[in-house]
There are 2 protein chains.
Amino acid sequence: MEHDVTSGTPATRPALTRGRIVRAAIGLIEREGAGALSMRRVAAELGVAVMSLYNHVPNKAALLEGVAEHVVAGMELEDDPSRSFADRARVLVRAFRTVAHEYPRCMTIVLTHEIDSPAGLRPAERALALADAAGFDGETSVRIMRALLAYALGAQLRETGAVRMLDHLAAAPADSYGRLDPDEFPHVIALAPQLARHDPETDFEFGLDLLIRALDALPRAASRPLDEDPGTAQG
Amino acid sequence: MEHDVTSGTPATRPALTRGRIVRAAIGLIEREGAGALSMRRVAAELGVAVMSLYNHVPNKAALLEGVAEHVVAGMELEDDPSRSFADRARVLVRAFRTVAHEYPRCMTIVLTHEIDSPAGLRPAERALALADAAGFDGETSVRIMRALLAYALGAQLRETGAVRMLDHLAAAPADSYGRLDPDEFPHVIALAPQLARHDPETDFEFGLDLLIRALDALPRAASRPLDEDPGTAQG
DNA sequence: ACCTGAACACCGTTCAAGT
DNA sequence: ACCTGAACACCGTTCAAGT
């Protein structure tokens with residue numbers, strides 16, 4: 001019901017918004033890489049002057065935090081309380097991995113920026129809830145959450161290619177290995193075929209299994225739900 | 001034995017060198033943070049024109065790789081073959097942690113750049129050697145190395161503060177928790193004291209112990225040294 | 001309240017010129 | 001072979017002006 005909408009041109013553009021800006025940034029990163037992200041490029045993407053962005057985002061750092069937050073908020077945190085602690089923990093850590101596959105080129109930003117919103121706390125809450133329900137005390141629950149988080153982050157860092165350090169030479173043909181001193185790198189050379197093989201899924205699950213099996217073997221009190229109040233109904 | 005050295009002034013400056021450039025960059029990063037690093041600042045640091053740097057380093061990305069390489073090359077890889085696999089693996093992973101403490105503000109760069117030199121392969125060689133000596137097959141040895149690497153990277157990422165995501169709100173005073181919905185974050189709120197406590201060393205060792213204990217429990221062939229040649233003397 | 005252009009103080013890097 | 005200044009095409013962000 002606005003005047004001047006009769007023409008076939010793009011017409012009234014949706015209002016500029018923090019959300020639109022963040023999504024434009026994410027799109028740009030996924031399309032052209034994190035290096036291509038600039039306030040000016042994002043503004044151009046939205047058909048708007050650079051300085052307009054600053055009405056919704058205080059600066060570039062905040063925009064990057066917005067990107068990280070949006071990606072993490074996209075984690076699908078389904079949970080089946082009837083399953084074992086090990087299974088539930090596995091599902092939780094895999095949720096991070098799934099979102100990482102969805103936004104591969106945003107991952108470096110996600111991994112290197114703090115997230116100041118409750119969205120970032122949701123996975124932590126879930127991990128703590130699992131550990132608590134499994135009978136671990138508070139201090140141990142926090143440590144379990146941090147260990148799982150560390151592995152999830154590190155595995156992603158290794159796979160993203162941002163860091164293929166220490167074993168990425170393996171991807172090169174045998175030629176490269178000819179340059180390596182066989183006295184210094186006998187195992188790297190001997191295991192070149194295995195190092196060259198890229199099966200990130202299996203690699204990821206191997207380490208996750210190690211962690212979770214060790215967690216399962218940890219001493220703990222009997223399983224119990226969070227202090228439940230019989231007088232309270234739950235949805 | 002050069003002329004013109006009689007004055008007290010700095011006299012003949014040491015030749016510009018890739019090594020000197022990299023070390024200047026590292027110093028700058030540790031002093032002022034990774035954000036302060038620029039080719040121009042590094043040049044100023046060395047009392048040299050910006051473009052002089054390009055005679056020794058092709059571009060900024062290469063300089064960052066040089067920084068990562070130099071830091072990782074600083075890992076002290078001592079090893080005692082008479083100790084158990086678990087002990088030796090622990091020592092190896094801790095070596096990365098030690099270097100991370102030495103160059104805290106360089107860590108984000110180390111974690112996000114590939115390392116193209118043999119220096120970056122040395123820790124991998126060591127890890128593979130340990131796993132091999134412990135009787136794991138080649139494929140498993142590679143996976144073990146990757147799992148340990150993922151944990152080392154991730155734990156560092158979590159601690160560096162580059163990513164305190166998911167639990168960093170805990171560091172804020174109780175005030176912040178007042179803002180959190182108690183229905184959505186019961187465990188985060190209940191465990192606020194434990195989350196606020198920062199004991200990175202214990203956190204790190206907790207997760208490392210989980211991994212290594214699980215590795216120790218893995219089935220493997222009997223321990224054996226790398227194909228040793230009785231005819232060869234060793235230093 | 002939101003948008004904008006011009007301007008400022010920076011970037012990395014190319015090029016042509018020097019020794 | 002190494003150094004250098006000037007210049008180019010970018011940055012993020014401040015400011016003052018518009019609506």
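In what follows, every chain begins at residue 1, and chains take the letters A, B, ... in the order their sequences are listed. Worth saying up front: this structure is predicted, and the values here are computed from it rather than measured.
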Next on the checklist: Rounded to whole Å, please give me the gap between CG in A:L64 and C1' in D:dC11.
Outcome noted: 14 Å

Next on the checklist: Whether A:Y54 contacts D:dT14 is assessed here as follows: a side-chain N or O lying under 4.0 Å from the phosphate OP1 or OP2. Is that the case?
Outcome noted: no

Checklist entry - Quick one: B:M39 CE to D:dT4 C1', roughly how many Å, whole number? => result 15 Å

Item to check | Below 4.0 Å: OP1/OP2 of D:dG12 and any side-chain N or O of A:N59 | outcome: no

Checklist entry - Roughly, in whole Å, what's the span from CG in B:L37 to C1' in C:dG12? => result 12 Å

Next on the checklist: Less than 3.5 Å apart, any donor N or O on the side chain of A:E65 or A:H113 sitting next to an acceptor on the other?
Outcome noted: no

Item to check | Nearest-angstrom distance from the residue atom CG of B:L28 to P of C:dC11 | outcome: 10 Å

Checklist entry - Taking CG from B:L63 and P from C:dG12, how many angstroms apart are they, rounded to a whole number? => result 10 Å

Checklist entry - Does A:S52 put a side-chain nitrogen or oxygen below 4.0 Å from OP1 or OP2 of C:dC2? => result no

Next on the checklist: Can you classify the ring geometry of A:Y151 versus A:F204 as parallel (below 30°), tilted (30 to 60°) or perpendicular (above 60°)?
Outcome noted: parallel

Checklist entry - So what does B:V48 touch, heavy atoms closer than 4.0 Å: a base, only the sugar-phosphate, or nothing? => result sugar-phosphate

Checklist entry - Between A:E45 and A:R31, is there a salt bridge with N-O shorter than 4.0 Å? => result yes

Item to check | Listed nucleotide nearest any side-chain atom of B:R40, set C:dT13, C:dG5, D:dG5 | outcome: C:dT13

Checklist entry - Would you call A:R122 and B:E184 a salt bridge, using N to O less than 4.0 angstrom? => result yes

Checklist outcome for this item: Sequence neighbours excluded, the answer for salt bridge (Lys or Arg N to Asp or Glu O under 4.0 Å) partners of A:R41 is A:E32

Item to check | B:K60, nearest nucleotide to its side chain (from D:dG12, C:dT4, C:dG12) | outcome: C:dG12

Checklist entry - Going by an N to O cut-off under 4.0 Å, is there a salt bridge joining B:E69 and B:R18? => result yes

Checklist entry - When you look for runs of 3 or more Watson-Crick or G-U pairs in a row, both distances below 3.5 Å, which of them include DNA chain C? => result C:4-8 with D:12-16, C:12-16 with D:4-8

Next on the checklist: By nearest atom, which of the nucleotides D:dC11, D:dT4, C:dG12 is closest to the A:R41 side chain?
Outcome noted: D:dC11

Checklist entry - Out of D:dG12, C:dC11, C:dC2, which nucleotide sits closest to the side chain of A:N55? => result C:dC2

Item to check | Atom-to-atom span, CZ of A:R18 to P of C:dA1 - whole angstrom | outcome: 20 Å

Item to check | Short side-chain N/O contact to C:dA1 OP1/OP2 from A:H56, under 4.0 Å | outcome: no

Checklist entry - To the side chain of B:M51, which of D:dA6, D:dC11, D:dT14 is closest? => result D:dA6

Checklist entry - Taking atom CD of A:E76 as the centre, does the number of heavy atoms from other residues, nucleotides or ligands within less than 6.0 Å exceed 12? => result no

